[in-house]
Amino acid sequence: MTDIKVRFAPSPTGYMHIGNTRTAVFNWLLAKKLGGKFMLRIDDTDVLRSKKEYEDALRDVLQWMGFNWDEEARQSARLDRYNEVVEKLKSQGRVYACYETAEELEVMRKRLMSRGLPPIYDRSALRLTAEQIAAYEAEGRKPHYRFKLVEGEISWNDMIRGECRYDAAKLADPVIIRADGSYLYHLPSVIDDVDFGITHIIRGEDHVTNTALQIQMFLTIGGKLPEFGHLPLLTGAEGKLSKRLGSLGVRELREEGVEALAISSFLAKLGTSEAIEPFYDLESLAASLDFGKLGRSQPKFSVEELQTFNTHYVRSLPFAMVKDRINVDEDFWNTLRGNLNKVSDVADWQDICCQKLKPVIEDADLTSRAASILPPEPWDENTYSAWVSELKSVSGKSGKNLFHPLRMALTAAPQGPELKVLLPLLGRQKVYDRLLGKEA
Ligand code: GLU
């Protein structure tokens, strides 16, 4: 049996967004589920657009999500290897030089289209004579290179889309090296997948045609194929995933308090026949992975839904999962979590409940009366409403005139956690002292 190895291959030309995060989620979970290895490959052949800052941010997000990797590679460090393979392919007649300029190619393309033909490169470069090539070179033209497809059917059994078939005659020989000598995505990706022994490739369905082209490269270079799975792309509420949503940064979501496992749980089930529900560890999420449950239609992604799911997630988090991040005990957490929107909100409550506070007394008459009618403990979530309704009748005050002075005395701030939840957490003594203006 071959060793399973899955990879995530981002281009460091932008920050991690919801689309490539989803690809990372599926690849990582698959590696985990199959007990294989996970590799991080940095696709940085585009030197102008690739930036260290983006790469650092990608790594940061992967680590935060818990997607540790067993191995990594960087394409810009492997150019010698790519050149070596290209030389071999040239000698086999599978890579050939072309001298057309971009404008000439555009004219050819338009001519074909106007005749109702698909814009497939006609391989005229293969018919150039030595003199013509010499003339181009003398003119200073630099060749770009194409990979020559062989005729026949290209097929694979996609983990998500099922049987896929392409007729090679209907595909254009892909350009693999630009006239400036830089590599396009196709060939380096295949060379890496072969050299590193990648067994499964999960990526967006925008890569389906690339897969057809790459299959011939795989067969030529490596002799065998990995498994492929193409994920239906996410869409926004109005159809295509808008630029704003598509580029929605995971860093921003994290700053807003969205939990890493909420993102993984959400993305792994979006567009499947299963309900989106909280998973509290990646292992069980991985165990639940089933590509057969992914639909073929493009799932709608909405940040609001993710945020709502996250709130639900935060409110259900077991203490063990947050205890290293917060400074309260289990009882406090359990009482409180149902009121939080993000885990870090717990700090507001903690300051109010566990630290000494100088109360702000706005209406001494009201707050001392409130103190005098405090019910005895034990207190629960109903204590507040019974107490307040009695205060209403004895003081004749209501609305803001009632609630604002209470809040200012108990929390010293005009806004904050719900008082009915706060009361039992504070306890009778603290509430009593604060209502009387004592630091407590
Ligand atoms: N760097 C490519 C991308 O981000 C990788 C695609 C692939 O998975 O092969 O689209």
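We count ligands from 1, going down the list as the structure has it; atoms in each ligand are counted the same way. Count residues from 1 along the sequence. Given the structure is predicted, the values throughout are model-derived calculations rather than measurements.
- In terms of N/O distances under 3.5 Å, ligand 1 is approached by A9.
- Annotation: side chain of T220 is in contact with side chain of L89 (closest heavy-atom distance under 4.5 Å).
- Between Y185 and H207, a ring centre-to-centre spacing shorter than 6.0 Å is recorded.
- Heavy-atom contacts of H207 reach the following atoms of ligand 1: 6 (C), 10 (O) (cutoff under 4.0 Å).
- Heavy-atom contacts of S189 reach the following atoms of ligand 1: 9 (O) (cutoff under 4.0 Å).
- For ligand 1, the atoms sitting less than 4.0 Å from at least one non-hydrogen atom of S11 are 1 (N), 4 (O), numbered in the order shown with element in parentheses.
- Under 3.5 Å, the side chains of Y15 and N20 contain no donor-acceptor pair of N or O atoms.
- Residue contact check: D43 has heavy atoms under 4.0 Å from atoms 1 (N), 2 (C), 5 (C) of ligand 1.
- Proximity of R7 to ligand 1, defined as any heavy-atom pair under 4.0 Å, is confined to the side chain (atoms from C-beta onward).
- Aromatic ring centres of Y145 and Y96: separated by at least 6.0 Å.
- The side-chain contact (heavy atoms from CB on, under 4.5 Å) with L419 is formed by just one residue from the set T411, L426, V431; it is T411.
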